[in-house]
Amino acid sequence: YRKGDDQFTEEDPTATGNPYHVNTFNNTYSESGGATFYVSKNFNTGWGISAKTSFIFRLEALDFVDTNNVKHGSIAVPMPETSTVEITASDGARPFGIIDYSVNGTYYYQISEDCPEADENGIDYDRRITYVKVVVENDPSSSGDKKVTVASVTVSEEELEEAGTQGINYETLNYPPSSVSTTTVTFTNTYKAETSLNFVGSKALVYEENRDLARAFEAGEFEFAILNENGDEISTVQNESSEVGGTFTIPFAFSANVDMRTGTTSGTDEDGTSYTEKIFTYTVIEKDRSAEGVDYNPDGTEYTIKIKLRHDGKGNLTVESVAVGTDPDGLTDITNNYESVTDGVPTYKLTEDGAAFINTYDATAELTLHAKKVLENQALGSNFEFIIENEDDKKEVSTGTSNSEGTITFDTLTYNVADLNNRPSVDFNYIVKEVIPSEGNKVPGVVYDLTQYRLTVTLTDKKNGTLGQNVKVEKI
């Protein structure tokens with residue numbers, strides 16, 4: 001503002017860049033001793049406000065420091081005719097009013113937005129404070145006029161909280177150079193409407209040969225993908241626990257700013273409040289990690305989840321309905337059947353009974369034993385028979401016959417991971433011995449060897465589709 005011209009020297013500034021609404025403070029430079037601060041606010045969303053919603057900005061005097069570095073307090077700081085500005089959604093930039101200066105020195109102000117004690121209608125108010133420093137001095141190029149330069153610094157809400165009751169030492173703030181004639185300060189209020197919910201499922205890894213037995217597994221061994229309605233993978237989760245029947249959790253988090261911008265339908269509830277709704281459809285599948293011995297999701301199970309959200313434009317985004325099932329055309333409504341609620345977030349189960357996803361696991365091993373037959377004082381012209389039997393129940397599990405060179409090859413023993421019965425390892429104890437023929441069937445002149453051997457086979461699951469074997473033989 002220039003004295004005598006009765007008009008501002010610059011056009012009213014405008015605010016830009018804020019996706020919701022912005023507070024902008026523009027300061028003017030005047031060589032004749034006058035200055036003014038403008039306030040503007042842009043509303044780029046209708047959520048949380050109407051055309052009549054107003055926001056108030058306040059200018060407050062802090063201190064005056066004269067050229068002798070003497071402080072005079074706020075009473076010595078000139079102020080405009082009005083120290084508050086009220087702006088609605090339909091307003092443009094508005095000034096606090098003209099401030100005239102006649103005494104050289106440094107003046108301090110603060111500008112803030114009047115904020116409610118708690119955020120309202122989903123609006124997250126900007127509670128920062130902007131400190132303004134005005135330097136007034138004689139203008140060497142114009143006799144009798146004052147040169148006014150302005151700078152400002154905005155202090156974050158966190159810094160204000162850290163300062164506590166002592167407050168910010170605004171005199172020591174890092175103001176930009178005083179040669180800056182115009183300063184733009186932006187206050188950002190953001191709109192927020194959010195909601196969350198979780199789904200939990202269980203995982204089972206059963207033995208292919210015996211589905212009544214389940215194998216333990218490591219946390220993170222299995223992975224599950226969440227697909228949107230276009231079939232695009234939007235996230236993945238892993239099993240969190242390693243015990244049999246380990247669980248996995250699928251978190252869903254929604255924001256009106258992101259998720260309710262498009263694809264919604266409109267309605268009005270019983271009390272006349274307008275709202276928008278949207279249905280989100282997801283598919284949950286298990287990913288094939290190609291681990292040896294594992295048949296991933298052999299039943300081809302997939303789960304469809306439908307979540308309907310409602311947004312009232314006043315900071316409330318609510319879950320209206322939740323449905324889940326393996327048949328997309330026959331989902332079960334479980335809106336009120338959540339398993340638990342933690343910090344206001346409900347958790348639903350993918351399936352009520354049993355594991356959500358069942359994989360089969362198979363691991364096998366084969367063991368072929370060899371022995372040597374010696375016939376003293378005579379060539380091996382006849383075959384001799386041998387058996388392997390369980391040590392406990394004496395059940396025959398393998399037989400072998402010596403050839404003309406005395407080599408004995410037993411029938412192959414086969415093992416399956418189900419034989420471990422979900423134990424980390426198991427010992428199979430056998431007795432190996434020669435079959436003694438009846439008196440009429442013995443080879444004449446041969447005295448048969450009655451020696452027996454204990455054979456111990458230790459099996460372990462290597463969890464890669466194979467079984468580890470350790471064989472120990474001892475003479476009894």
Side-chain angles (χ1 to χ4, degrees), residues 205-218 244 290-295 298 359-476:
L205 182 60
V206 301
Y207 295 122
E208 185 174 315
E209 293 297 318
N210 186 354
R211 290 201 171 199
D212 292 331
L213 295 176
R215 198 204 85 182
F217 42 83
E218 301 297 326
V244 173
S290 301
E292 293 294 333
V294 178
D295 187 0
N359 294 352
T360 60
Y361 176 73
D362 196 31
T364 59
E366 293 184 347
L367 177 62
T368 301
L369 295 171
H370 301 276
K372 188 73 174 179
K373 173 64 179 177
V374 175
L375 181 60
E376 296 178 347
N377 302 321
Q378 183 177 336
L380 278 169
S382 302
N383 294 331
F384 295 87
E385 296 181 353
F386 304 84
I387 64 170
I388 301 176
E389 63 183 18
N390 288 329
E391 184 177 28
D392 293 336
D393 61 12
K394 308 305 180 184
K395 180 180 178 181
E396 181 183 294
V397 296
S398 180
T399 61
T401 303
S402 62
N403 60 18
S404 60
E405 297 177 353
T407 299
I408 307 167
T409 300
F410 288 93
D411 298 331
T412 298
L413 297 172
T414 60
Y415 302 94
N416 187 274
V417 66
D419 297 330
L420 274 70
N421 198 23
N422 210 29
R423 293 170 290 181
S425 66
V426 64
D427 290 338
F428 294 86
N429 297 310
Y430 306 102
I431 299 298
V432 183
K433 62 184 180 180
E434 184 173 1
V435 177
I436 309 300
S438 59
E439 288 298 328
N441 294 316
K442 290 182 178 180
V443 178
V446 173
V447 178
Y448 288 84
D449 193 340
L450 300 180
T451 302
Q452 296 184 1
Y453 295 87
R454 176 179 289 109
L455 173 67
T456 302
V457 179
T458 302
L459 291 182
T460 57
D461 181 11
K462 300 173 72 173
K463 298 186 178 180
N464 62 358
T466 63
L467 298 177
Q469 306 173 34
N470 182 62
V471 179
K472 180 182 177 181
V473 180
E474 58 181 337
K475 187 176 181 180
I476 300 176

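Sequence positions, counted from 1, serve as the residue numbers for this chain.
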How many angstroms lie between atom CZ of Phe386 and atom OH of Tyr453, to the nearest 0.5 angstrom? 10.0 Å
For residues Arg454 and Ile431, report the shortest heavy-atom separation together with the two atoms involved. CA-CD1, 4.3 Å
Determine whether a donor-acceptor pair (N or O, by modelled atom type, separation under 3.5 Å) exists between the side chain of Asn390 and the backbone of Asp392. no
Should we count CD of Glu396 as having more than 12 external heavy atoms under 6.0 Å? yes
Hey, what's the ring geometry for Tyr361 with Tyr207, parallel, tilted or perpendicular (30° and 60° as the breaks)? tilted
Side chains of Asp419 and Val426 in contact at under 4.5 Å (non-hydrogen atoms): no
Would the number of heavy atoms belonging to other residues, nucleotides or ligands and lying under 6.0 Å from CD of Glu474 be above 12? yes
Donor-acceptor pair, Tyr448 side chain versus Val443 backbone, under 3.5 Å? yes
Checking side-chain polar atoms at under 3.5 Å, does Asn416 have a donor or acceptor matched by the opposite partner on Asp362? yes
Roughly how far, to the nearest 0.5 Å, is the CG atom of Leu367 from the OG1 atom of Thr412? 8.0 Å
NE2-OG1 distance between His370 and Thr409, expressed to the nearest 0.5 angstrom: 5.0 Å
Is the closest side-chain heavy-atom distance between Ile408 and Ser402 below 4.5 Å? yes
Does the side chain of Asn422 reach to within under 4.5 Å of the side chain of Arg215, using non-hydrogen atoms? yes
Is a donor on one side and an acceptor on the other found under 3.5 Å between the side chain of Thr401 and the backbone of Asn383? no
How close do Ala365 and Gln469 get, counting heavy atoms only, and between which atoms? CB-NE2, 3.4 Å
Sidechain-backbone polar pair: Asn421 side chain, Arg423 backbone, donor-acceptor under 3.5 Å: no
Taking NZ in Lys442 as the centre, count heavy atoms belonging to other residues, nucleotides or ligands within less than 6.0 Å. Is the count above 12? yes
Between CG on residue Asp449 and CG on residue Leu375, distance to nearest 0.5 Å: 11.0 Å
NZ of Lys395: more than 12 outside heavy atoms within 6.0 angstrom? no
Using every non-hydrogen atom in the two residues, find where Pro298 and Thr360 come nearest and quote the distance to one decimal. CG-CG2, 4.2 Å
The residue among Val471, Asn429, Asn470 that forms side chain to side chain contact (heavy atoms under 4.5 Å, CB included) with Thr458 is Asn470
What are the two closest non-hydrogen atoms of Leu213 and Ala418, and how far apart are they? CD1-O, 3.9 Å
For the residue pair Thr399 and Glu385, establish whether any side-chain heavy-atom pair is separated by less than 4.5 Å. no
Give the minimum heavy-atom separation between Asp461 and Leu467, together with the two atoms involved. CA-CD2, 3.9 Å
How many angstroms lie between atom CD1 of Ile388 and atom CZ of Phe410, to the nearest 0.5 angstrom? 4.5 Å
Quick check: do Leu450 and Ile436 have side-chain heavy atoms less than 4.5 Å from each other? yes
Do the ring centers of Phe428 and Tyr415 come within less than 6.0 Å of each other? yes
Glu389 vs Lys433, test: salt bridge (Lys or Arg N to Asp or Glu O under 4.0 Å). Steps then yes/no. CA-CA 9 Å; Glu389 63 183 18; Lys433 62 184 180 180; 3.4 Å; yes
Taking Asp411's backbone N and O only, do any of them form a donor-acceptor pair with Ser398's side chain (distance below 3.5 Å, no angle check)? yes
Give a yes or no on whether a salt bridge exists between Lys373 and Glu434, defined as a side-chain N under 4.0 angstrom from a carboxylate O. yes
Can you confirm whether more than 12 heavy atoms, excluding those of Asp393, are under 6.0 Å from its CG atom? yes
Spacing of Thr456 atom OG1 and Asp427 atom CG [to the nearest 0.5 Å]: 6.5 Å
